[in-house]
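Structure, as structure tokens:
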Amino acid sequence: MEQEKRYSQMTPHELHQEIATLKEKARKAEQLGIVNEFAVLERKITMAKAYMLDPDDFKTGDVYEIEGDPGVHFKITYMNGVFAWGHRMHGGTTSNEEEGLPISMLMNEKSKEA
């Protein structure tokens, strides 16, 4: 049995192919009403997309909108690979709970226009 490649070991082309495959599987799972499988596939897509981005484009102290969570922002405390660690901000209130988000979930003004 062939060992599956980690996203960190894939080329951009392989990542594009993987995302296309995952999107198709997610579409089928959604059509069949398999909610938990759909959610897992969506998370895999988010992770694969994170490896297509440059972590150096995300800066400590910057605030980003969280994709899929309108009005909620995320302030980066530190970076670890393709994960940004920090705190959610909502309506001027900052969460005390630190969490890590894949950088593909963070939107700056440039990614909103794309």
Side-chain angles (χ1 to χ4, degrees):
M1 193 166 124
E2 187 182 321
Q3 181 73 23
E4 223 177 284
K5 253 186 171 179
R6 293 171 178 245
Y7 293 148
S8 60
Q9 298 168 322
M10 291 184 180
T11 65
H13 177 72
E14 289 172 321
L15 286 166
H16 277 292
Q17 287 180 314
E18 176 72 4
I19 290 167
T21 301
L22 291 169
K23 281 183 177 179
E24 181 60 25
K25 287 180 180 177
R27 187 184 63 74
K28 288 178 182 171
E30 188 177 35
Q31 286 177 337
L32 295 170
I34 309 170
V35 179
N36 50 348
E37 184 177 339
F38 176 76
V40 167
L41 292 164
E42 285 286 298
R43 282 194 293 276
K44 284 184 173 186
I45 291 167
T46 299
M47 284 305 302
K49 285 180 177 179
Y51 282 97
M52 294 178 66
L53 299 173
D54 183 356
D56 292 337
D57 291 342
F58 297 83
K59 304 291 180 216
T60 299
D62 283 0
V63 176
Y64 297 85
E65 190 172 339
I66 299 174
E67 185 178 335
D69 207 348
V72 179
H73 292 78
F74 189 80
K75 184 172 184 174
I76 298 176
T77 307
Y78 67 96
M79 296 292 298
N80 185 358
V82 296
F83 277 85
W85 287 84
H87 302 273
R88 287 182 190 248
M89 300 165 57
H90 186 67
T93 309
T94 302
S95 166
N96 290 331
E97 191 176 322
E98 184 179 61
E99 65 179 306
L101 296 178
I103 56 177
S104 55
M105 290 182 67
L106 304 180
M107 299 187 318
N108 57 20
E109 295 307 314
K110 282 184 262 177
S111 54
K112 284 188 216 174
E113 295 164 9

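What you are looking at is a predicted structure, and each value in this text was computed from that prediction instead of being measured.
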Heavy-atom closest pair (Lys75 atom, Met89 atom, distance to 0.1 Å) is CB-SD, 3.6 Å
Heavy atoms of Arg88 and Glu99 approach each other most closely as NE-OE2, 2.5 Å
- prompt: In terms of hydrophobic clusters joined by side-chain contacts under 4.5 Å, are Leu22 and Val40 together?
  reply: no
Would you mind reporting whether Lys49 and Ile103 have side-chain heavy atoms less than 4.5 Å apart?
no
In terms of heavy-atom contacts, Tyr7 and Tyr51 come closest through CB-CD1, 3.4 Å
Rounded to the nearest 0.5 angstrom, the NZ-NZ distance for Lys44 and Lys23 is 16.0 Å
Next on the checklist: For a 4.5 angstrom cut-off between non-hydrogen side-chain atoms, does Ile66 reach Met107?
Outcome noted: no
Within a reach of under 6.0 Å around CG of Asp54, are more than 12 heavy atoms found that belong to other residues, nucleotides or ligands? yes
#### Entry: Contact check, side chains of Thr77 and Thr60, non-hydrogen atoms, under 4.5 Å
no
Next on the checklist: Tell me whether the count of non-hydrogen atoms from other residues, nucleotides or ligands lying under 6.0 Å of CD in Gln9 goes above 12.
Outcome noted: yes
- Message: For a side chain to side chain contact (heavy atoms under 4.5 Å, CB included) check, start with the C-alpha distance between Phe74 and Val63, then their side-chain angles and the critical distance, and finish with the verdict.
- Response: CA-CA 5 Å; Phe74 189 80; Val63 176; over 6 Å; no
Rounded to the nearest 0.5 Å, the CD1 atom of Ile19 sits from the CE atom of Met10 at a distance of 9.5 Å
> Quick one: does Met79's side chain get under 4.5 Å of Trp85's, heavy atoms only?
Replying inline: no
Taken to the nearest 0.5 Å, the spacing of Glu67 CD from Ser104 OG works out to 7.5 Å
(Q) Within a 6.0 Å radius of atom NZ on Lys59, are there more than 12 heavy atoms belonging to other residues, nucleotides or ligands? (A) yes
Between Phe38 and Ala26, the two heavy atoms sitting closest are CD1-O, 3.2 Å
Heavy atoms of Leu15 and Ala48 approach each other most closely as CD2-O, 3.9 Å
| said: Tell me whether Arg27 is salt-bridged to Glu30, with the criterion being a basic N under 4.0 Å from an acidic carboxylate O. | reply: no
field: Side-chain touch Leu106/Ile76, heavy atoms, less than 4.5 angstrom
entry: yes
Problem - Student check: side-chain heavy atoms of His87 and Glu98 closer than 4.5 Å - result: yes
Treat each ILVMFWY residue as a node, draw an edge where side-chain heavy atoms are under 4.5 Å apart, and state whether Leu41 and Ile34 are in one component.
-> no
Contact check, side chains of Lys5 and Glu14, non-hydrogen atoms, under 4.5 Å
yes
(message) Under 4.5 Å between side-chain heavy atoms, counting indirect links through other Ile/Leu/Val/Met/Phe/Trp/Tyr residues: same cluster for Val72 and Phe58 or not?
(response) yes
Of all heavy-atom pairs linking Pro102 and Met47, the shortest is CG-SD, 3.6 Å
**Item:** Cluster link Tyr78 to Val82, ILVMFWY, side chain under 4.5 Å
**Value:** yes
